[in-house]
Chemist: 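Got a structure here, written out as structure tokens. Questions coming.
Residue indices begin at 1 and follow the sequence shown. Remember, it's 1-based here, ligands and their atoms both numbered in the order they're listed.
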Amino acid sequence: MVKRFVGLLTAGGDCPGLNAAIRGVGKAALSLDIQVIGYLDGFHGLVENRYIRLDSTRLSGILSLGGTILGTSRDKPHKMPAGELGTVDMRPFAVANYEKQHLDCLVCLGGGGTHKNALRLANEGLNIVTLPKTNDNDVWGTDVTFGFDTAMAIATEAIDRLHSTAESHHRVIVVEIMGHNAGWLALGSGVAGGADVILIPEIPYDVAKVADAVLHRSYAGKRFSIIAMSEGAITQEEAACSDSDHDDDDDDEIPEGQIQESVSLRLARRLEELTGLESRVTSLGHLQRGGGPSPTDRLLATQLGTTCARYISEGRYGVMVGSQGGQCVPVSIEEVAGNRKVVPLDHAWIQSARLVGTSFGD
Ligand code: F6P
């Protein structure tokens with residue numbers, strides 16, 4: 001006899017490990033007499049009541065699959081695109097559909113923006129449990145998010161491969177790595193791949209210092225340089241005139257609307273002018289989120305997903321299942337939604353990088 005009914009959705013950008021987490025939640029739920037439906041395309045499916053049943057057949061064979069079998073979107077229930085009407089507050093539909101399915105809980109798998117949306121629905125009376133996913137690793141309250149380890153491995157391999165071609169042509173190669181607001185991915189892959197310069201949003205850079213680092217290597221007989229650059233890296237001048245007009249209602253993990261001008265292209269052009277060295281750009285883009293999850297991400301997603309089912313069976317709601325010190329812990333969604341985990345300036349990876357001679361352009 002089924003004791004509880006649960007809806008589950010994946011929202012925001014996809015990442016490797018989502019299917020492993022869906023499987024973890026779903027299989028553990030079934031063993032605890034909890035029935036799960038999966039809403040399609042993030043919050044959009046919830047407000048339109050589009051879902052599939054996550055039975056044991058649907059949950060099989062997905063552990064190693066990339067992406068999400070449910071589809072995802074960046075739509076927000078309180079601001080759904082509605083053609084000529086602009087955006088409409090669809091929270092009442094989300095609540096109505098939750099009640100229509102007699103749900104005991106809604107599970108939301110997502111990053112920073114998803115946690116803000118989940119909190120909005122919790123404030124409307126829904127029981128919510130969330131799981132932290134994103135290649136950016138910037139979710140508050142968890143040591144790590146699933147999707148990060150896989151993306152870091154892909155970016156590291158790219159940096160490894162770029163070494164030989166940069167060296168053969170004596171070039172500077174700027175590798176643009178995901179992360180608009182937090183530099184975990186550029187930092188981790190930059191240190192692991194031995195990048196010569198690492199530029200992250202947390203440490204605004206001086207282009208003259210980057211040029212100096214490159215020239216210094218050149219004078220020392222090293223005729224190439226690799227620069228690992230977060231897509232959200234900013235110059236010191238940009239940092240000085242930003243943040244005062246920061247939009248507090250910005251739920252997005254990324255700047256909204258259009259394709260952004262590449263920061264790496266701008267930097268590469270400037271470096272050519274300042275150093276006279278031939279420069280190239282490689283933007284890794286969505287390659288970093290493609291394909292199946294690493295073993296580490298599968299383990300993390302399975303651990304978080306199964307714990308999520310246990311929390312639901314205990315009626316423990318309003319929390320994200322975080323991973324702290326290798327253990328799963330409940331963290332209030334309110335706390336997660338109100339914060340972002342950026343790289344601390346004294347982080348051990350930064351200290352080690354500086355000690356091996358890596359420049360941060362500061
Ligand atoms: O938020 C995760 C993330 O992969 C960021 O690293 C990246 O900036 C963004 O999503 C890209 O978003 P989209 O897939 O919508 O272009």
Side-chain angles (χ1 to χ4, degrees), residues 9-19 21 41-44 66-68 70-76 79-81 108-118 130-142 144-156 158-159 174-190 198-202 228-234 247 250-266 281-294 297 300-301 320 336-337 339-343:
L9 58 82
T10 53
D14 74 321
C15 72
L18 279 168
N19 288 322
D41 308 328
F43 291 102
H44 216 118
T68 159
L70 295 175
T72 187
S73 71
R74 291 194 181 275
D75 294 325
K76 312 159 197 164
K79 270 191 199 171
M80 277 289 166
C108 303
L109 278 55
T114 300
H115 279 84
K116 290 185 179 170
N117 291 320
T130 62
L131 297 185
K133 70 92 228 214
T134 168
N135 55 272
D136 290 343
N137 194 33
D138 60 350
V139 177
W140 182 266
T142 186
V144 68
T145 55
F146 55 85
F148 175 63
D149 182 73
T150 309
M152 187 163 60
I154 294 168
T156 303
I159 294 173
V174 183
V175 196
E176 188 172 309
I177 295 168
M178 277 185 167
H180 273 290
N181 302 300
W184 294 105
L185 204 46
L187 176 63
S189 58
I198 298 176
L199 304 176
I200 59 175
E202 293 85 345
M229 181 178 206
S230 293
E231 58 192 341
I234 51 171
D247 177 4
D250 176 22
D251 318 312
D252 289 313
E253 296 150 329
I254 54 165
E256 213 167 336
Q258 71 273 3
I259 295 172
Q260 303 292 310
E261 192 204 353
S262 154
V263 290
S264 50
L265 201 57
R266 227 186 320 147
V281 165
T282 299
S283 186
L284 299 182
H286 292 80
L287 259 183
Q288 295 160 100
R289 289 193 344 216
S294 66
D297 274 336
L300 177 65
M320 175 187 82
V336 179
N339 290 289
R340 175 180 288 133
K341 187 186 70 185
V342 296
V343 180

Chemist: Among Arg74, His286, His180, Met178, which one puts a heavy atom closest to atom 10 (O) of ligand 1?
Modeler: Arg74

Chemist: Could you check which of Asn135, Asp136, Leu185 puts a non-hydrogen atom nearest to atom 4 (O) of ligand 1?
Modeler: Asn135

Chemist: Are any side-chain N or O atoms of Ser230 and backbone N or O atoms of Gly232, one a donor and one an acceptor, separated by less than 3.5 Å?
Modeler: no

Chemist: Below 3.5 angstrom, do we get any N/O pair linking Thr134 and ligand 1?
Modeler: no

Chemist: Spell out, as yes or no, whether a donor-acceptor pair under 3.5 Å connects the side chain of Lys341 to the backbone of Ala182.
Modeler: no

Chemist: Look at ligand 1 and say whether Gly111 reaches it with a heavy atom at a distance under 4.0 Å.
Modeler: no

Chemist: Kindly say whether Thr145 contributes a backbone atom to a donor-acceptor pair with the side chain of Asn137 at under 3.5 angstrom?
Modeler: yes

Chemist: Given that the side chain starts at C-beta and the backbone is N, CA, C, O, which of these parts of Glu231 lies under 4.0 Å from ligand 1, counting heavy atoms, or is it both or neither?
Modeler: side chain

Chemist: Which of the numbered atoms in ligand 1 are under 4.0 angstrom from any heavy atom belonging to Gly179?
Modeler: 6 (O)

Chemist: Would you confirm whether Thr72, through its side chain, and Thr10, through its main-chain N or O, come within 3.5 Å as a donor-acceptor pair?
Modeler: yes

Chemist: Has Asn19 got a side-chain atom pairing as donor or acceptor with Gly66's backbone, closer than 3.5 angstrom?
Modeler: yes

